[in-house]
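Taking it in order: structure first as structure tokens, then the write-up.
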Amino acid sequence: MTTQRDLARQHLVPHFTGKRTWYEDDFPVFERGEGCYLFDTDGNRWLDGVAGLFCVNIGHGRTDLASVAAEQMGRLAYSSNWGMAHPAAIEAATMIAEVAPGDIDQIFFVSSGSEAVESAVKFARNYHLARGDDSRYKVISRNWAYHGTTLGALAVTGIPKNREPFLPNLWDGVRHVSNTGQCTSPKGTPADELSCVKAIEEVILTEGPETVAMVIAEPVQSGGGALVPPNGYWSALRRLCDRHGVLLCADEVVCAFGRFGHWFASERFDVVPDMITFAKGVTSAYQPLGGLAIRRPLVAEVYESPIGTFRHGSTFGGHPVATAVAVANMRAMREEGLFDHVLSTEDHFAQSLGSLAESHRSIREIRGAGFFYAIDLCVDRETRLDLSPTQEIGLQSGVLGGFIREARTTVRPDGRGYTGLNISPPLIADAEVIEDLTHRIDQILDRVDSWLDEND
Ligand code: PLP
């Protein structure tokens, strides 16, 4: 009998998936979701440890969101935001404007996180041109940062293995600097003096501030493994960008809509960036939607300039169905107290994961905050023995993924600047789900410990 998996192998080209995983492993085919759990076509129940791809924030199986989508399709399936508007996009933009930090209240919709990043790069250029600052176009981004896959967003991305094959296609205006995990300053260093802050200023000065358009960074960087910034880092970035007339963009494609207990994680780090990119959680992935939220005075400057336009757009940006679902999702998040739940549960979550360190020598560090964690692996925590290059390659190229599948969870194996696990469940996970998740991760780490014994 031809299975769904066989048909997938025949016709479906997977994203970022190696030939071996696709043709030799029993990858899951998920057919249903409920709360924090997914069900595959073989009848297995999986714990969704990364909320789809850091996006199903409100959990699976919300038929209320499905009804909103159906109702919107019946009433107005499509209208654009090009010289016209429709109530769903207007309401979604208004709601986001109300909860965005500071004077950020201008919302430009697209359909994905990559497009949101592209929009930020283009808005920064458009803004500087509007001010007559024609030479500003460069972007500063951080090592190991994932900002997307389209060519503009990929240029900004700092993951060598994703970028290098496409270098001839990427524009050369991006400079990568240390991320907060690569900071070499001792604890207690004032934020403005941190090596990872000074690295940005050094690049701005070397390139010439008059050529730099924008700095982009995630509030908590995913690549490198849930890198929570040192105290004061974001305020220092704000001061630095202001000093040099450079726009500051927080890429909150993962961080926004509750992952750190706030609408935007910038709020948690007490910063008002010039722009925020968002996607994923804005609809809890019930529809594809992304966007760029911009400080009002910046958009005003563009409109009042001779340029007068943000010269950018797309057919599906701000689609009626996607924006209607965003409104319903945000309303449910608010009414159901989802962010209070994250804030009141995060300590328990961190402790539960932390309890694993005692029984697994392969845990170097557990990092993160909110509902977003990484487990960084090594050979032996006590002796600080790093994984050998062979062990890293082995774990990253299928072994870790296999152990994760055995435990029937979707936590992600990660090889972006460290070897380990990415953990980021739906924000509705309660104590019982966290216990289940911790138990499954314990199982994965048992397998890692034994594998390291056999492959030292
Ligand atoms: N920016 C960040 C921080 C991301 O994590 C991602 C995707 O994971 C993107 C941008 C790209 O988003 P998308 O996959 O929707 O294009």
Side-chain angles (χ1 to χ4, degrees), residues 14-17 48-57 108-123 139-159 161-163 166 174 176 179-181 214-229 234 248-260 264-266 269 273 275-293 314 316-319 322 325-326 368-374 410-417 422-424:
H15 294 212
F16 283 120
T17 303
D48 189 0
V50 285
L53 272 175
F54 317 98
C55 51
V56 189
N57 290 8
F108 180 85
F109 286 118
V110 290
S111 307
S112 69
S114 297
E115 285 178 83
V117 171
E118 302 267 342
S119 304
V121 172
K122 288 181 77 174
F123 183 83
V139 172
I140 298 175
S141 161
R142 303 183 301 180
N143 298 332
W144 292 107
Y146 186 91
H147 291 294
T149 50
T150 53
L151 292 175
L154 182 61
V156 175
T157 286
I159 300 172
K161 70 178 172 211
N162 286 14
R163 301 178 87 245
F166 302 102
V174 182
H176 290 100
N179 61 47
T180 56
M214 136 180 146
V215 169
I216 184 166
E218 290 165 88
V220 175
Q221 186 170 306
S222 170
L227 302 174
V228 179
W234 273 91
L248 177 60
C249 178
D251 184 352
E252 295 221 27
V253 166
V254 167
C255 297
F257 300 99
R259 187 121 321 264
F260 294 93
F264 292 97
S266 292
F269 296 109
M275 296 180 281
I276 296 179
T277 49
F278 63 86
K280 299 189 186 262
V282 63
T283 58
S284 286
Y286 280 72
Q287 278 286 294
L289 183 71
L292 178 66
S314 67
F316 290 145
H319 190 282
V325 169
F371 268 37
F372 191 73
Y373 294 89
T410 58
V411 298
R412 279 183 69 77
D414 204 350
R416 299 172 303 174
N422 243 210
I423 302 154
S424 164

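Just so you know, ligand 1 is whichever comes first in the structure, and atom 1 is the first atom listed for that ligand.
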Next on the checklist: Is there a salt bridge (charged side-chain N to carboxylate O under 4.0 Å, His left out) between R412 and D414? Walk through the geometry before answering.
Outcome noted: CA-CA 6 Å; R412 279 183 69 77; D414 204 350; over 6 Å; no
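With 3.5 Å as the limit, one finds no donor-acceptor pair spanning the side chains of R142 and T180.
Expressed to the nearest 0.5 Å, how far CG of N143 lies from CG of N179 amounts to 6.0 Å.
T283 contributes no side-chain N or O that, together with a main-chain N or O of V325, makes up a donor-acceptor pair within less than 3.5 Å.
For F257 and F264, the gap between ring centers is short of 6.0 Å.
Each of S112, G113, S114, Y146, H147, G148, E218, D251, V253, V254, K280 has a non-hydrogen atom positioned under 4.0 Å from some atom of ligand 1.
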I'd like a table of donor-acceptor pairs (distance under 3.5 Å, sequence neighbours excluded) in which one partner is a side-chain atom from residues 145-155, with atom names and distances.
from	atom 1	to	atom 2	distance (Å)
H147	ND1	D251	OD2	2.7
T150	OG1	E118	OE2	2.5

